[in-house]
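Taking it in order: structure first as structure tokens, then the write-up.
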Amino acid sequence: MASDYSPDVRTWLLSISGVSTPVGTRVHHNYVPEAKDSPYVWFRLGNVTNDGRSLNSVAGEEDSVLSFDIEICGNSLSQAIGIAEAIRDTVPFRGSVGSKTAQMVDVENHDEDYIPKNEFSDDVRHIQTLSLKLYL
Amino acid sequence: MAGELKIRGYGTLVKADFTVADTMVTCGYITATSPPERSAKTVDGTTLADNREQMDPGIGEASEFTFEQFWLHNETNSALIDTAHSNALTRTSRYNLTWHVIYPQATPVTEEFTGWVKKIGPAQIVNNEYSKRTITVQTTSTSVLS
């Protein structure tokens with residue numbers, strides 16, 4: 001059965017000290033709360049692929065690759081880069097992601113044409129964008 | 001569904017009587033299959049008087065049947081294939097199996113033939129892809145569709 005991995009990805013991100021130390025618990029899924037202290041990490045589920053399908057797969061079979069968009073919003077460029085580096089240094093990873101298990105977690109920089117969703121005000125934001133792939 | 005003139009692969013089943021004659025067991029985790037060709041050899045019947053080659057139909061060719069399967073050692077679906085191949089090498093127990101490829105038409109169509117597991121070819125193991133293997137079955141009879 002297909003599962004929501006978002007809470008597990010949040011738990012996994014917060015388990016990285018290079019993330020949790022600067023951001024505290026400010027890892028936000030899909031939306032940014034109004035009282036938005038920086039730095040924070042925002043993420044959402046992006047693409048889902050199903051290369052694990054077989055000719056007789058059944059309805060509700062677990063998806064096989066989940067891609068999450070991650071945006072790191074820092075008070076300075078070096079802070080944002082530092083948090084992104086901490087995530088990159090944790091992959092490739094195999095094992096528990098929150099309460100679930102992943103065969104591999106990997107991270108790539110986002111495409112050049114990716115438009116950050118957290119650039120929504122006149123404030124200057126230092127944003128690093130990553131694409132996190134969860135291989136089930 | 002009814003009245004479809006083109007079908008997709010999803011829902012296609014591959015079965016074989018691995019352990020008990022005529023008891024067909026579905027092979028799981030198959031991602032692609034190439035049913036056996038129906039092909040004949042040609043016999044050269046050209047004479048000195050001909051100004052074009054005369055190629056006549058010969059005997060039916062022993063074609064191969066292949067399918068690709070996710071692989072997990074000792075998992076039931078993989079183990080059935082391993083045993084069938086081992087039996088073929090030693091020609092013991094059941095090795096010349098009856099195979100069914102069932103096409104997912106509105107009224108399913110079954111292609112039946114016999115054959116033995118000739119080759120188990122593991123695919124290249126890649127970091128972020130599922131491990132698979134390609135199974136080759138040497139057919140020992142002509143396919144019959146019903």
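Lettering of chains follows the sequences in order, A, B, ..., and the numbering in each one begins at 1.
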_Side chain proximity check, A:R53 to B:Y10, heavy atoms < 4.5 angstrom_ = no
_With a 6.0 Å cut-off (strictly less than), is the heavy-atom count around CH2 of B:W71, excluding the residue itself, greater than 12?_
no
*With a cut-off of 6.0 Å (strictly less than), are more than 12 heavy atoms of other residues, nucleotides or ligands near CD of A:E85?*
yes
*Is the count of non-hydrogen atoms from other residues, nucleotides or ligands lying under 6.0 Å from B:F18 atom CZ greater than 12?*
yes
*Heavy atoms only: give me the nearest A:Y135-B:N128 pair and the separation to one decimal.*
OH-ND2, 3.2 Å
*Check whether B:I135 and B:M24 end up in the same hydrophobic cluster, where Ile, Leu, Val, Met, Phe, Trp and Tyr are linked by side-chain heavy atoms less than 4.5 Å apart.*
no
*asked:* So B:T33 and A:L55, do their side chains get closer than 4.5 Å, heavy atoms only?
replied: yes
*Atom of B:I30, atom of A:S54 and distance for their closest heavy-atom approach*: O-CB, 3.1 Å
*Would A:I70 and A:Y40 show up in the same hydrophobic cluster when neighbours are defined by side-chain heavy atoms closer than 4.5 Å?*
no
_To the nearest 0.5 Å, what is the distance between CD on B:E129 and CD on A:Q103?_
12.5 Å
*Taking the side chain as every heavy atom from C-beta outward, state whether A:N56 and B:T26 have any atom pair closer than 4.5 Å.*
yes
